[in-house]
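What follows is one structure encoded as structure tokens, with my remarks underneath.
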There are 2 protein chains.
Amino acid sequence: MLKDFMRKKLREQGSRVTAQREAILKIFEEYGDHLGADDVYNLLLKRKKPISKSTVYRTLELLTGIGILRKLEFNGGVYRYELSEPSSNHHHAVCTRCGKIIDLKFEEVSELFKKAEKMGFFVNNYSIILYGLCPSCQENEMKSITEKMDNDESR
Amino acid sequence: MLKDFMRKKLREQGSRVTAQREAILKIFEEYGDHLGADDVYNLLLKRKKPISKSTVYRTLELLTGIGILRKLEFNGGVYRYELSEPSSNHHHAVCTRCGKIIDLKFEEVSELFKKAEKMGFFVNNYSIILYGLCPSCQENEMKSITEKMDNDESR
DNA sequence: ATAAGTGCAAAGGATTTGCGATGGG
DNA sequence: CCCATCGCAAATCCTTTGCACTTAT
């Protein structure tokens, strides 16, 4: 159980198990991935578990440090987090129109790693992100283009 | 010549060719890649071409829009930019200790693209970043560890 | 008991915006 | 001449920090 893992890890390093930390972990277990600090904050509000934003930030950082969360950086300069357990090698496709994030599995990254290591670089972590349009935004994009053409014609 | 390309692109979309825009392009041509807004601002100051920071931000965004620059997002929530021309398929290795950025060439991303497209996602752009330690920081890291061990012994 | 963690409010850093002044086409 | 662009200062957004209070161990 992830909760027990967190407790163990926290105690190991002399950190404490607090209600806030458990509540945040729960949010990730229930609402899944790609949550930003603000999302976590608001979800806890809705759940009648008000928390301070600084605590959210500090906890996300802490949980990343002990390997429970992974810190992600998509378009927009907002950090997001996901449970780091599931599948290590999945990447993200971010829709630049609506912001939707799609997960992708992919293994063939090893080649790139080898190259980096040949250059003496020690790889700790990596991020692969595709930017583009998700299916529904492609449709909408189409619509706007058609509309625009209609307008141009009727001038 | 890149300068001419920019002029053409700007005029095409009804934007103007200004001294500031040309100066910023020049900075990228001379100082190369991975520059943040603040870097550009300071380099222009040194060059006795003072500019307003807002103009830098607006221009970087504009040049990205017309395909002259590519917007990058490394660790730390600071946007950086590079000329988008050179080789489309190079990626970055960022040293998490000193911030140095190493370029890597890699072609085998097509697989991942295919997967995304099979899921109906239209790929516009992508980012692949490795985080880790560059050669010299690995050495320093070693030193600090050895020092730490020495200290522990002498307690 | 006591050191770690919390909440609050204030500070910080990067980027964006509103607006009067400037200048390219 | 007119509208896009500029510079400046203020505003905004996300995140971090300082400090007195609270709480897990």
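Chain identifiers are assigned alphabetically (A, B, ...) following the order of the sequence lines, protein sequences preceding nucleic acid strands; residue numbering begins at 1 within each chain. A quick note: this is a predicted structure, and the numbers were derived from the prediction, not measured.
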Stepwise side-chain contact (heavy atoms from CB on, under 4.5 Å) check, A:K9 with A:E12: CA-CA 5 Å; A:K9 274 285 187 181; A:E12 262 176 33; 4.1 Å; yes

Test log, rule side-chain contact (heavy atoms from CB on, under 4.5 Å), inputs A:I51 and A:I24: CA-CA 10 Å; A:I51 193 175; A:I24 289 182; 4.0 Å; yes

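Projected onto DNA chain C by closest heavy-atom contact, B:R11 and B:Y57 fall at different nucleotides, the more 5' of which corresponds to B:Y57. Place A:D38 and B:G14 on DNA chain D by their nearest nucleotides, and B:G14 ends up nearer the 5' end.
One interatomic measurement links the two molecules: OH of B:Y41 to P of C:dA14, which rounds to 13 Å at whole-angstrom precision. Between the CG atom of A:L72 and the P atom of D:dC14 there is a distance of 17 Å, rounded to whole Å. Rounded to whole angstrom, the span from the CZ atom of B:R7 across to the P atom of D:dA4 amounts to 21 Å. Going from atom CG of B:L44 over to atom P of D:dC6 covers 12 Å, rounded to whole Å. Nucleotide D:dA24 holds its P atom 13 Å from the CE atom of A:M6, rounded to whole Å. If you take OH of A:Y79 and P of D:dC13, they are 18 Å apart, rounded to a whole angstrom. Between A:L10 atom CG and C:dT6 atom P there is a gap of 10 Å when expressed in whole angstrom units. As a whole-Å value, the separation of B:K71 NZ from C:dT15 C1' is 9 Å.
Taking 4.0 angstrom as the limit, B:T18 places none of its side-chain polar atoms (N or O) nearer than this to OP1 or OP2 of C:dG23. The phosphate of C:dG7 has OP1 or OP2 within less than 4.0 Å of a side-chain N or O from A:Q20. Between A:R21 and the phosphate of C:dT6, there is a side-chain N or O to OP1/OP2 separation shorter than 4.0 Å. Phosphate proximity of D:dA4 to B:S15: absent, as no side-chain N or O sits under 4.0 Å from OP1 or OP2.
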Could you tabulate the donor-acceptor pairs under 3.5 Å formed by side-chain atoms of residues 57-67 of chain B, not counting sequence neighbours?
residue, atom, partner, partner atom, Å
B:T59, OG1, B:T55, O, 2.7
B:E61, OE1, B:K71, NZ, 3.2
B:E61, OE1, B:Y81, OH, 3.4
B:T64, OG1, B:L60, O, 2.7

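Rounded to the nearest 0.5 angstrom, B:I27 CD1 and B:D39 CG are separated by 10.0 Å. A:R70 CZ to A:R80 CZ: the interatomic distance, rounded to the nearest 0.5 Å, is 15.5 Å. Here the CG-CZ distance, from B:L35 to B:F28, works out to 4.5 Å after rounding to the nearest 0.5 Å. Atom NZ of B:K3 sits about 15.0 Å away from atom CZ of B:R21, to the nearest 0.5 Å.
Taking five base pairs at each end of the helix from C:dA1-D:dT25 to C:dG25-D:dC1 and finding the rotation axis that steps the C1' atoms of four pairs onto the next four gives two axes whose angle is 40°, to the nearest 10°.
Distance from the side chain of B:V78 is smallest for C:dT15 among the nucleotides D:dG7, C:dG25, C:dT15. Closest approach to the B:R16 side chain among D:dG7, C:dG25, C:dA3 is made by C:dG25 (side chain taken as heavy atoms from C-beta onward).
Between B:A23 and B:L44, the shortest heavy-atom contact is CB-CD2, 3.8 Å.
Note on B:E22 versus B:K26: no salt bridge recorded, every NZ/NE/NH1/NH2 to OD/OE distance being 4.0 Å or above.
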Every protein N/O within reach of nucleotides 18-20 of chain C N/O, cut-off under 3.5 Å:
residue, atom, partner, partner atom, Å
C:dG18, O6, B:R58, NH1, 3.4

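Contact annotation: the side chain of A:S84 never approaches that of A:L69 to less than 4.5 Å [non-hydrogen atoms, C-beta and beyond].
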